[in-house]
Structures are given as structure tokens and as C-alpha cells.
Colleague: 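The structure under discussion is supplied below as C-alpha cells; questions concerning it will follow.
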Number of protein chains: 2
Amino acid sequence: MELDDRKLKILTAIIRNYLETGEPVGSRTISKDSDLNLSSATIRNEMSDLEEMGLIVQPHTSAGRIPSDKGYRLYVDMMLKEKEEELNNLKVELNAKSEKLDTILKEAAKVIADSTNYASMITVPQYRSKKIKFIQLTQVDYSSILCVVVLDGNIIKNMMVPCDRELPQDAILKLNLMMNTFLQGLDMQEINVSVMQKLRTEASEYSALISDILDAVAKCLEEQGVEAYTSGSTNIFKYPELNESGKATNLLYALEEKKQLTELMYKEGDKDRGIQVYIGEENPIEATKDCTLVTATYHLEDGVYGKIGILGPRRMDYEKVVGTLRNLMSELDGIFHKE
Amino acid sequence: MELDDRKLKILTAIIRNYLETGEPVGSRTISKDSDLNLSSATIRNEMSDLEEMGLIVQPHTSAGRIPSDKGYRLYVDMMLKEKEEELNNLKVELNAKSEKLDTILKEAAKVIADSTNYASMITVPQYRSKKIKFIQLTQVDYSSILCVVVLDGNIIKNMMVPCDRELPQDAILKLNLMMNTFLQGLDMQEINVSVMQKLRTEASEYSALISDILDAVAKCLEEQGVEAYTSGSTNIFKYPELNESGKATNLLYALEEKKQLTELMYKEGDKDRGIQVYIGEENPIEATKDCTLVTATYHLEDGVYGKIGILGPRRMDYEKVVGTLRNLMSELDGIFHKE
DNA sequence: TATTAGCACTCGACGTAATTGAGTGCTAAC
DNA sequence: GTTAGCACTCAATTACGTCGAGTGCTAATA
């Protein structure tokens, strides 16, 4: 069957209406609301066709129709194409002056959740293959050494390493020089046994200390249990269709146990700079099969990226969400690439 | 009226039973369950007395009784006294080897939530009056300076300060020396205008840079929006009496908007090293008036403390909760004071 | 041929009894 | 002081009737 112009108009009218009300929409409503000037009977015939095409479904006989996943998909695809250039004018309230990365991200999640009324989550970028730019050791007191590591992209990590005595000033200087000479420009994989061996030989009497420090560095750099922040998870209670018995609980659980979500968010890789929409059953996570998930990728710099996602009911205000996300992406870009 | 031994036994039997089932408990149940060997009629008479004393209430005529806040209070006080020395043997799975503080705390919250099946939250200690122990400036690349500040208690803060040119090595050394000379041992309040003035004069040509750095330091130290982590917030869905319509939503909202909770958790100060129990209406926060909140204070070192809280239904397994908290407190003590 | 009006039919939602059963208080007997 | 028995209460559950939004089909109309 052909999806002609009129059918399309009716479909979008149905979807729009359903997004607003959350109630199945009947032929009479469309007949009155839209500017098609058709009787409800005609609409009924068309709706019957649309149902046959799998774009809308009836929750039960003698109820109105609601969009199917396929119907949403059509609508979203259309909208994405249409809105390609348009930018929503939401004022993002990120006051991002040199705040820490995770503060910015938390704030971003909050902004998104507040302005869309859906639940949002954002993952912290991974620095899998970051190189060491700079290492600094300092004796802070008689029993501990502070070790600061700066990675490409000015990611700073620091840790305390215990030691058993106070080192003379020149020893510290020497160790610093050594560490930087041997480790600068290397990433984690490249710090192998031979490098460590060399360092230890060179350090002679401080070889044990060097071991401790290297351990600390390694541990600190590996410490990348893909972190994520969520916000507005209680928003899902605003949508009755998600609020049924078990569903909301499962969703909240999934949001709290961010693991699955982050996995999903990374699955797609960073190829796509664009916006991804998963509708209902398209959703790879069981708990979210009654929802729509919209994700966008932001880039801190080449190869360092994270994702931000919005989770809401199928009847999500797609236009607003996409607009908000686009806007936020450009804000984040501005913040991260301002230098 | 006198609260004799038999009444007490009946009361605890009622409470225990209600903790298990969540249903109002009737005279017949007690008559059968407990080892008192009394008929339900006798129990009824006693229950009538207990009700008169305000220790139990009837949700409605012809329903069983449930403990009132006062009844819980009696029970908890008894239990706290009884269990004073006893330590629950929960194996805390904190593998705390030199992990970062916030990782430990997050983990602690999770352990508590998992093992009790209630919601938990933990606040990150504040370092309000911490003194600067050590400051280190390093030029990382031509346009940025890394500033590391170590506070009493080995709290490390760091930040990047932009600068407009590469500084000569000896300038950096001089600045470092200056900063440490002037700022060491001071806390935030003590870094006043006169100190800053002196520093800037001393720094002569780098006076602008010094300003930037001081700003960064100040900002970084002030950055103490009492943080908190929550875990297991979805657990509250396990208790039907909290799961009613709006209640759960409000609770979740309160848990997400940690602000109120952290306020509460700090209100009490750090005088009490012990365990606090707020039952129902005793709860200072509106949203939690249907819950019991149990808090405990942990100490990182003198004057640096945080609280951990467990939020659950009134019918909380008080013994388990108190045991678990006591145990965790001692674990944390072990971790923080091992050196 | 496409559109529309009209009508019978379906089925969830809602409101109002009727029924059930756990539990109580009271009284009289033990 | 304790217990058995009985009448009473009341939330919860079930059953049932009504309502109305919405459909599909058919016949009339443009």
C-alpha cells in the first residue's frame, strides 16, 4: 500500500496528539483537529489502512489508535531530516568557567533533565589511550610522596605514595627527571616490563620506591570504571504509561545501576557524531523496552568522547529533545574547545 | 498504667511480626506465635492496654495493630542498649587499598544498601577549616600552569591556571617558594587581603599571575557543596507501605536532590559519635515522615567527619541496621586510621 | 469513485451494591 | 485472672450495570 501525503498527514496528526495527551486518539479527534476537513468516517478508513501498514495500533477494540514503534520511527526520521539545520534556542545555564570536568557533566545532565522533563544520563569520557605528558613527585611530609600525573588533554591525576623516610632534595629532583625522561609520551600499554626495569636500575637505592610509584600510576590510570551521572530519574513518574507497577521500578533500577546504560552508550563507538534514537523494542536493554532513548555523542578531543542520553516514554517530545541535545552539544563543544 | 513484663513481650512480638510482614497484626497471631501461651482474648485485653498507652495503634477499627512511633522508639531504645557491644559479622567488601576517598564512600553506600535492602546515603566530609600544608606550581606547557594544593589530612586539590607565556625555571622556583612561605599553615579564612597584597608585591612582574592562582586556589577550596552519594534508592519499592502513589516519588526525589538530606545529616554536628534513629514523625524532613532514618557518624580525623544514613520504612529491621552500621563504622575507622 | 452519514457493536472505565473475612470489644463462664 | 463465644465493624474484593468513546460496515450522496 502506498503511504500518500494524506495518510502521512493523518499519521503525524495522530502522533502529535498522542504525544500531548498520552491517550489513544480516535478518528473524530483527528477529523476535528487537523486542517484536512475530512469526516471521521474517512479518517477511520485511512486509519484502518495505517494500522494495516503497521504504523499505528489499537490497544484494544473500540479504543483509539496509538503510534507503533514503526510509526514513531517514521516520524522521527522525518523530523531529524527536517530539523537538520535548525537550532533550538534553549539557554543552557552551564556556567562552565574552568570548572572540573565532572562538575560540568553533572550540571549538563541536570540541565537536560530539567528542561526536557525526562531522565538524563551522561558518561564521563574514557582516556583509554592517553599519553603521559608530565609527572611530578613531591615529598609532602616525612612519610608520603605526592605524585601528580598530567595526561594529554590536561587530565590531572594524583595520588599519595607512602614512603619510609624523608628523601634528600636532590634525590627527589633526580627521580623527577628520571620519571619524566622515561615515561613522557608513553601511554599505559607502553609502560612495559623493560621500561620499568630500566627505571628501577637507574633509581638504584630507590628502586623499591619506584616500584610503588609505578604501581600507583598504573592503578590510577586504569581507574576508569566508565563513570556516569544521571539526573531527573524521578521524572519518569510523570508519565503514567511508565508508572505502571513494575516498569518504573525496573527503569529506576537500570538508571541507578548505570552499568548497562553505559555499556549501551559505548557500544556504538564514536563514529556517529550525530543523534541516535532507540524507540521501544529497538532498545537493546530489556528494562527500557517501554521507553525511547535518545543519545548524542560529545567530543572532548580526538578519540576522547562521552555520550549523553535522554530516557523517556515512547511519546517523547522528539523535536524538543533533539533540539535541546543539539544545543547542549554545541555548548559543550564551546566549553571544551575554547582554548 | 504499668508496662509490665508481659506487656513488653507482647509489644515486641507485635513489632517483630509487623517488621516481617508489613501487615497489621491481630491478637490471634500473637496468641499462636509467641511462647506466652495466652488466648487471643487475653492478648486482646493487653493490646487494648498497649493502645491506651500509645504504643500501638489501629489503622482502622477491626484491623490488627501496628506499632506507633512511640512503640518503635521504645523498641529501638531497648535494642540499642542491649546490642551495645555486639558486632554484626557482615563481611564488608570494601577492598580499600589506598582507593580514593570518594570511591570508598560510594562503595560503602552500596554495601550498606545491598546488605540491608534499604536506601543508603553517605556524605563526603567537609574540610571547612583545613590548613594549607603545601602548594606546588609547575609549568605543564607553554600556556598553562598546574597548581597542586595539599591540605591537612593529605587532601589533594589541583587545578590548571592559564598563563600567557612560558616562565623561566627560576621564576617558577621563586613563585613556589613564595607561595609556600606565605600560605603554608593558613586556612581559607586567613588568606585575607593583606596576605594577598604582600604576595602580589613580592611577585612583582608576576603579580597578575599570582592573582589568577590565588583565585583558582580559593575557588577550589571553597568547592565544597556538601557532596553525598546515595545507593539502593530503588529498594524503597520493596515496601508496599512506601510504594503508595506519591510517597515513593517524593522519597526518590528527596534522595536525588540530596540537599535536604545532607543538611539534616550535618545539623546534628559531630558531637555524637553514636547512632541516631529518627522514627516517622521524628524525622525533620517532610518527605521522610513515613520512614525511619538511621544515621551514624564516621570520623576521618579530628573535625573531619561525614555521616552515613539508612532510609527505610518504619518497620525497619533495626537490629540488622544498627549492627551493619556499627560494623561499617569500624571498618571505615580501620581504613582511615591504619597508618 | 471517493466521501460521508448512520447504525449496531465492542469493550474499558466508572460507580454502586453485595459478599467476605480478619479482627475487635464485650459478656458470661471457668 | 483467663478464656470461650458472639455480635459487630469495616477494608478489601467481587459482581454487576451503565456509560461512552470508538470502531467497522453499509448504504446514500456528490
Side-chain angles (χ1 to χ4, degrees), chain A residues 1-11 13-15 17-18 20-68 240-241 243-245, chain B residues 1-11 13-15 17-18 20-68 240-241 243-245:
Chain A
M1 191 170 320
E2 187 67 40
L3 184 69
D4 58 20
D5 194 52
R6 195 170 73 174
K7 281 189 174 46
L8 199 60
K9 268 189 182 144
I10 292 174
L11 178 63
I14 293 172
I15 295 184
N17 192 291
Y18 182 65
E20 260 181 51
T21 64
E23 297 292 315
V25 8
S27 51
R28 192 127 180 290
T29 317
I30 300 299
S31 158
K32 276 187 297 184
D33 277 16
S34 77
D35 45 359
L36 291 158
N37 279 330
L38 292 172
S39 80
S40 62
T42 314
I43 303 287
R44 274 204 288 285
N45 291 331
E46 295 287 38
M47 279 166 107
S48 172
D49 290 353
L50 286 171
E51 179 156 21
E52 203 176 308
M53 295 161 78
L55 295 170
I56 53 181
V57 291
Q58 251 179 315
H60 57 85
T61 342
S62 85
R65 310 300 219 286
I66 62 176
S68 69
E241 67 267 46
N243 206 344
E244 284 168 22
S245 55
Chain B
M1 191 170 319
E2 187 67 38
L3 183 71
D4 59 18
D5 194 53
R6 196 171 73 175
K7 281 190 174 47
L8 200 59
K9 269 190 183 143
I10 292 175
L11 178 63
I14 293 173
I15 295 184
N17 192 291
Y18 182 65
E20 261 181 52
T21 65
E23 296 292 316
V25 7
S27 53
R28 193 130 180 290
T29 317
I30 300 299
S31 157
K32 277 188 295 184
D33 278 17
S34 77
D35 45 359
L36 291 157
N37 278 329
L38 292 172
S39 79
S40 61
T42 314
I43 303 286
R44 272 205 289 288
N45 291 332
E46 295 286 36
M47 279 167 105
S48 172
D49 290 352
L50 286 172
E51 179 156 22
E52 201 177 310
M53 294 161 78
L55 295 170
I56 53 180
V57 290
Q58 251 178 315
H60 57 85
T61 345
S62 85
R65 309 302 219 285
I66 62 175
S68 69
E241 68 267 43
N243 205 345
E244 282 169 24
S245 56

Colleague: Which part of the nucleic acid does A/Ser40 contact within heavy-atom distance under 4.0 Å: base, sugar-phosphate only, or nothing?
Modeller: nothing
Colleague: Verify the contact: side-chain N or O of A/Thr42 to OP1 or OP2 of C/dT4, cut-off strictly under 4.0 Å; return yes or no.
Modeller: yes
Colleague: Tell me whether the count of non-hydrogen atoms from other residues, nucleotides or ligands lying under 6.0 Å of NZ in B/Lys7 goes above 12.
Modeller: yes
Colleague: Ignoring backbone atoms, test whether A/Ser39 places a side-chain nitrogen or oxygen under 4.0 Å from the OP1 or OP2 oxygen of C/dT4.
Modeller: yes
Colleague: Taking only the side-chain nitrogens and oxygens of A/Arg65, find out if one of them lies under 4.0 Å from OP1 or OP2 of D/dT23.
Modeller: yes
Colleague: What is the nucleic acid contact for B/Thr61, judged by heavy atoms within less than 4.0 Å: base, sugar-phosphate only, or nothing?
Modeller: sugar-phosphate
Colleague: Starting at CD of A/Glu46 and ending at C1' of D/dG24, how long is that distance when rounded to a whole Å?
Modeller: 15 Å
Colleague: For A/Ala41, answer base if it contacts any base atom (sugar-phosphate contacts may also be present), sugar-phosphate if it contacts only those atoms, and nothing otherwise; contact means non-hydrogen atoms under 4.0 Å.
Modeller: base
Colleague: Side chains of B/Arg6 and B/Thr42: does their closest heavy-atom pair fall under 4.5 Å?
Modeller: yes
Colleague: B/Arg44 side chain: which of D/dG24, C/dC11, D/dG5 is closest?
Modeller: D/dG5
Colleague: Write down the distance between CG (B/Asn45) and P (C/dC26), rounded to a whole number of angstrom.
Modeller: 9 Å
Colleague: Could you check how far CE of B/Met47 sits from C1' of C/dT24, rounded to whole Å?
Modeller: 10 Å
Colleague: Could you tell me the separation between the CD1 atom of B/Ile10 and the C1' atom of D/dG1, rounded to a whole number of Å?
Modeller: 13 Å
Colleague: Roughly how far, to the nearest 0.5 Å, is the CZ atom of A/Arg65 from the CD1 atom of A/Ile30?
Modeller: 11.0 Å
Colleague: Using whole Å, what does the distance between atom P of nucleotide C/dG23 and atom NZ of B/Lys32 come to?
Modeller: 9 Å
Colleague: Flag the pair A/Thr29 / A/Thr21 as yes when at least one side-chain heavy-atom distance between them is below 4.5 Å, and no otherwise.
Modeller: no
Colleague: Using whole Å, report how far CZ of B/Arg28 lies from P of C/dA22.
Modeller: 9 Å
Colleague: Determine whether a donor-acceptor pair (N or O, by modelled atom type, separation under 3.5 Å) exists between the side chain of B/Ser31 and the backbone of B/Ser39.
Modeller: no
Colleague: By nearest atom, which of the nucleotides C/dG12, C/dA22, D/dG22 is closest to the B/Ser62 side chain?
Modeller: C/dA22
Colleague: From CZ of B/Arg6 over to C1' of D/dT2, roughly how many Å is that when rounded to an integer?
Modeller: 9 Å
Colleague: Please report the distance, rounded to the nearest Å, between CD1 in B/Ile14 and P in C/dG23.
Modeller: 12 Å
